[in-house]
Each structure stands twice: as structure tokens, then as C-alpha cells.
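The block underneath contains the structure these notes are about, expressed in C-alpha cells.
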Amino acid sequence: MTKRAIALLMALTAVHCRIGLAEPLPVERIEPPHWYRGYTETETQVLFYGTGIGSASVTVSGKGVALLRTVSVPNPNYLFVYIDVAADGDNSVQFTLTRNGDSETFPYELMQRRSEPRLGFNSTDAIYLVMPDRFANGDPSNDRVPGYPEGVDRTNPDGRHGGDIQGVIDKLDYIADLGFTQLWLNPVLENRMSQGSYHGYATTDFYRVDPRFGSNTLYQQLSRDAAAHGIGLIKDVIVNHIGTEHWWMDDLPTPDWINSTDRYTETTHARTALQDPYAAPADIAAMADGWFVPTMADLNQRQPLLGDYLVQNALWWIEFANLSGIRVDTYPYPDKHYMATWTRRLMSEYPRFSIVGEEWSLNPVVVSYWQRGKQNFDGYVSDLTSVMDFPLQDALISALTMPEPEYGSVWTPLYEMLANDHLYAKPMDLVIFGDNHDMDRLLTQLGADPRRLQMALAILASMRGIPQVFYGTEVLATNPGTHSHGVLRSDFPGGWPDDDKNWFKTEGPDDVKAIRKTLRRLLQWRKNATVIHNGALQHYTPEPTTYAYVRFDTDRAVLIVANRSEASVAVALDRFRDRIGAATQGYDVLADRTIELTDHLEVAAMAVRVIDIDRSP
């Protein structure tokens, strides 16, 4: 080697060391991958992960951003950096990390939040719940992805079947035609679990859509395309737990990141302990800090760094995907005081947003505790705008299936449950439903009787609250003889090219055609029925087999009369004149025609009438 070559090599080596390239820092992850300017709370956490990165010093450069502090944790592979993000400034800033004399710069994007107000879902909406893996396979090329243990096996009820986000995009015309205005997908984030990954409830990466469903970019496209169809997107969020194959689990940031790490301890599921004035502290902890199942590690939301991470993750997805709402899985299971903070943080940034929590209790006292505006006996304050109305679901099924009693009415369970609405801060904001992804199919619950299904759908479409329908209900999906989740989460006929039936394109047999027609007519009518969106509700003591209620405002009334008898009945209208007025005509929603209102309303056997009435002077 010549002297000139040696000198050049030495000069390059000096420059290499000076700019920090002698040994690149092993940063494997930066989360969130980018952030947004314009939030009210400007303090932002950025997580750096890589071997030994915790000992690095940090500087940040760029207009409108300032370093607040760095937090090292017992695990040297993590570094939590807190910055202040002003409303205005550079779109791209830089983090410089220095360790043992080696430095490396990482560009970081700060995007501007959308300026328009974010309007969540409300009583004007109807929600369609879809399990993506079981709805439609729009992109067979992602059925198997290298590095992901589960591929497609449609013969296995508990395996992946190949439905994906592209499949949902392809069926937006179908969903909009039915009359739905909101789309709730079961979780689509990465679930790199060895088995049972199809349902999505064991997250292994909070910032990545599972590639077997698509990509983050495709999820954004779904949101845009849904909006073009007049449909908002609701994201299913899990704050309580992660999958045991989440990347954290091989290298926990702190010893207290996960509850019960020394040995598996399952939750007692005794949710009432959280509201019980007599509950032992140990019983409260046993419920909140136990694991849901062995494959889902219980997160400790009281850990401050984790708490910030989870809030920011939700905010990031709201902005990234332009969400219209969030559904929170297993809402009572995380630390309840943390969840008060979590909901407050989200709602303070998006005041018109909507969050619905899952509290699977049949007791309205328990369910109402979590809703925003409730004056609780213990002073607990929540900003959760809505809860899933499990008590009403149970009462509806009872009313439609119970034997006729010797005294009273078959409709008493529904009538009396509605009488408990004074417990809720805002009953109009409750999400009402007949079934979901964890329950027997609605038609199965109703004894495989399409007439009862028609009544259930009519009641859900006209009742107070926000109706939600599980995909496949409109094509008479059932799960006879089993409670298997894999079976009740059946594939939608026609979602796969080799399906024998395609009920996306054809109306199906007469019974399917009738139910789908009923649902479409109800929901398309409901879109413009402001009396259903905002009107009051008055119901009447049920007769042995009939139940009636009226939705009303100043100018309109909707009379709903349901008949559980195997014989037709003539219901006298005088009883309802206080709300329907002296109108002599009404619009029969299900029959799609104008009818004369005389002394009586005929209701066929096992049927329901929905009569829209103009009662203006």
C-alpha cells in the first residue's frame, strides 16, 4: 500500500469515527414511528429499543421540538425519550444518540394533525361488526407470510381462513347498500402467535397491521374508501393484555411491565369487585391483575412509561387512520383508575370522538358505572362515551324466546330492563345488539326462527341507542349444536373464490332474501329518521304477547308493535294517541307503503309493525 493510500485510509477512518459510523448503534425499533403536531398535551414519549441503547445520551434538533428528559430502565436495551412538540415547526427533526463515543442520527417525522373536528359515532349510526379473517379474502397473496407461523387452513374452525382488509374494501358497496354507516373490525394488528391468531386479540406489535391482513397503508385506504361510502371506521383496541409472543415478552423493559410475571395467575373475572364497597383489596387486585388466558399477558397500566405508551398508541391510530371511534376490549380488566386517565386523554384531544367499552355484565348497575357523566357512589369519573348494552341484549333474547308465562307478559324482561335506563348518564349513547363475535349467533339464540330474527332487527333499528349487527346475520348465519367461537365466526358465503354460494352477489334463498330485505329497509329508512336518532321513547305495559313503544319528537312519531303470539292480533290505537296524535295515515316501514290508521292496527303472528307517522299540525 502506498503512503498516499495509507494517508487516505487514515483520513476516512477519522471521519468515520468523528461522524459516528465506526460502530452503528443497534437501534431496532423507534415507537411511535412518527408523531403529530397540534395535540393539546405536547409532551411526547419516543421509545428506542436496541442492544445496550439505554446508556446512550440524546440530543434532538429541529424547529418546534425540545428535549425534556430521557428515562433509562433496568433493561439496558430500552431508552425512553420525552420531547415537547410545539404546534408549529419542522416536519422532520433529528434524534442524535451517542454511546461510547459513537453517534448516530435518526430522522423523525412530525406531521400536522388534521384540522377538521373528529366526529365519532352516535345514535344516527348503525354499526356493522366484521371479523376480517372470516369475511372476504381480497388478496390471496398474503395467505402465507414468511416468519408468521399460521397460514390458511379453512378446514380448521380455529385457524386462519384468509380474509383480509382488501376483502373488506372490496365489499364496501355491499355494506353501504345494507344501510350501515359505521364499520367495526375485530383487531387487525399483528398477532404473530403460534396458533389461534385469526381473531386478533393477542397483539404482538402495537404499531403494525398484521401482514396477513394487509398493511398500515392498506388500513388507511380502508378508512378513506369507507368514508367515501359514508361509513366511519371503528378500531378494536386492547389495553388490558398482549399476546405472549409480543416482542416485549422476550425482553421486558421493566420487571413491573407485566402483572404476575413470576407465575401464571388467572383473573377471577369477578368484575363487580371493582365497584363493591365491601370488596377486599386482594380481591380487586386478583380481578384486575390476573391474566385473561394463558396466551394473553396482563399489562400493568400503573407502570408510568407503559401508561404513556398506551395512550399515545391510541392517539396515533386515531390520527393515522382517521378513525371515527374505538371499541375497547375487556374494558373493566385494566386498572380502572388508569382507564379514567386513558379516556380523558383521548377525549380531551378529540372532544367529539366516541369510545365504547365492553363490560360483559347483565346488571345495568355494573355497566352504567363506566359511562361518562355517571355520578358514581365512590366518586369514580370516566370519560368513556358509550358501553355495550349487554343487559338489554339478554333481555331482548329472553323476551323473544321465553315460554308464555301464566301471569304477565313474554315481553316483561325487555320492558323492565328499559325501566332501568335512569341508571345511565346517556342511554341514547349505548351500543345495542343481538349478538357479537363472542356469542352464539343471533338466529341460533332465537331457536333458528327467522320470524323472531325479523322482530329482533326491527327492535334494534328503532330502539334507543346505536344498533350493531354482526356480519352474516343478514344471511341467517348460525352455529347449531356448538358454542365454538371458531364455528360461530363462520366465513361469509362468497368471500372466497371457490365458495359454492356467493351471497354478496345474489339474494340467496327466500328466507335469506326476506331477512336481508328487512334489514336493508330498516337501516336505509333509519338513516333519515331523525325521530329515531334524537326522539324520546315511551313504552307501554306489555300485554301477554304484545309490546308497544313510541319514538317521538315535536313533529313525528314512530309506533313499534311486536306480537309474540302464533295468532294475529288487533291492537287498539287509542292507547297510543297521546304520542301519535290524531294522524289518520302512517308509513309502514317494513311493507314500504302508506297505511290508514283506524281504530286498530293488525299485527300478524310472530311479527312486528314499524309505523312512521307525521303528527305535525
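For the numbers below, each heavy atom of this structure counts, side chains included, while hydrogens, waters and symmetry mates do not. Values in this document were obtained by computation on a predicted structure and should not be read as measured data.
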**Message:** Could you go through R208 and D205, starting from their C-alpha distance and side-chain angles, then the distance that decides it, and tell me whether this counts as salt bridge (charged side-chain N to carboxylate O under 4.0 Å, His left out)?
**Reply:** CA-CA 6 Å; R208 188 184 191 198; D205 189 325; 5.7 Å; no

[X]-[Y] side chain donor-acceptor pair, cut-off 3.5 Å:
X    : Y    : answer
W370 : S382 : no
S324 : R118 : no
D125 : T181 : yes
Q166 : D170 : yes
Q445 : Q393 : yes

is_close_aromatic([X], [Y]), centroid dist under 6.0 Å:
X    : Y    : result
H246 : F206 : yes
F492 : W503 : no
Y333 : H269 : yes

Is the shortest side-chain N to carboxylate O distance from [X] to [Y] below 4.0 Å?
X    : Y    : result
E349 : R113 : yes
D236 : R327 : yes
D499 : K501 : no
D389 : R464 : yes

Tell me, please, whether [Y] has [X] positioned over its six-membered ring: NZ or CZ under 6.0 Å from the ring centre and within 45 degrees of its axis?
X    : Y    : value
R134 : Y198 : yes
R192 : Y148 : yes
R489 : F135 : no

Starting from the C-alpha separation in whole Å, work towards a yes-or-no answer on side chain to side chain contact (heavy atoms under 4.5 Å, CB included) for R29 and F48. CA-CA 6 Å; R29 292 177 179 268; F48 288 83; over 6 Å; no

Show, in sequence, the C-alpha distance, side-chain angles and deciding distance for L460 and Q468, and conclude whether the side chain to side chain contact (heavy atoms under 4.5 Å, CB included) test is met.
CA-CA 8 Å; L460 290 171; Q468 168 250 296; over 6 Å; no

So, for [X] and [Y], which heavy atoms are closest and what is the spacing to 0.1 Å?
X    : Y    : value
L384 : I355 : CD1-O, 3.4 Å
A176 : Q524 : O-NE2, 3.4 Å
Q301 : L299 : NE2-O, 3.1 Å

For atom CD of Q195, decide whether the heavy atoms of other residues, nucleotides or ligands shown that lie under 6.0 angstrom number more than 12. no

State whether the number of non-hydrogen atoms from other residues, nucleotides or ligands found under 6.0 Å of K336 atom NZ is greater than 12. yes

| Stepwise ring-ring contact (aromatic ring centres under 6.0 Å, His included) check, Y309 with W248 | CA-CA 13 Å; Y309 181 99; W248 281 336; 5.0 Å; yes

Exactly one candidate in Q112, E319, E109 meets side-chain contact (heavy atoms from CB on, under 4.5 Å) with Y36; the answer is E319

side-chain contact (heavy atoms from CB on, under 4.5 Å) test vs L183 passes for just one of V168, I127, I234, namely V168

Using salt bridge (charged side-chain N to carboxylate O under 4.0 Å, His left out), reason through D491 and R154 one step at a time and then give a plain yes or no. CA-CA 9 Å; D491 296 347; R154 292 185 71 192; 3.0 Å; yes

| query | For the side chain of E358 and the backbone of T330, is there at least one donor-acceptor N/O pair under 3.5 Å apart? | reply | yes

Per-pair distances, 0.1 Å, donor-acceptor, side chain in residues 475-482, under 3.5 Å, sequence neighbours excluded:
residue : atom : partner : partner atom : Å
N479    : OD1  : R441    : N            : 2.8
N479    : OD1  : T444    : OG1          : 3.2
N479    : ND2  : D440    : OD1          : 2.9
N479    : ND2  : T482    : O            : 2.7
T482    : OG1  : S484    : N            : 2.9

*Given ring-ring contact (aromatic ring centres under 6.0 Å, His included), test Y219 with W317 step by step and report yes or no.*
CA-CA 10 Å; Y219 189 63; W317 279 108; 5.7 Å; yes

Practice prompt. Report the C-alpha distance between E474 and K517 in whole Å, list the side-chain angles of each, state the deciding distance to 0.1 Å, and finish with yes or no for salt bridge (charged side-chain N to carboxylate O under 4.0 Å, His left out).
Written response: CA-CA 9 Å; E474 73 275 21; K517 181 179 179 181; over 6 Å; no

(request) Determine, stepwise, if the pair Y207 / H34 fulfils ring-ring contact (aromatic ring centres under 6.0 Å, His included). (result) CA-CA 10 Å; Y207 282 100; H34 63 263; 8.8 Å; no

| said: Could you walk me through whether Y471 and Y128 satisfy the ring-ring contact (aromatic ring centres under 6.0 Å, His included) test, starting with their C-alpha distance in whole Å, then the side-chain angles of each, then the deciding distance to 0.1 Å, before giving a yes or no? | reply: CA-CA 6 Å; Y471 81 98; Y128 195 53; 7.2 Å; no

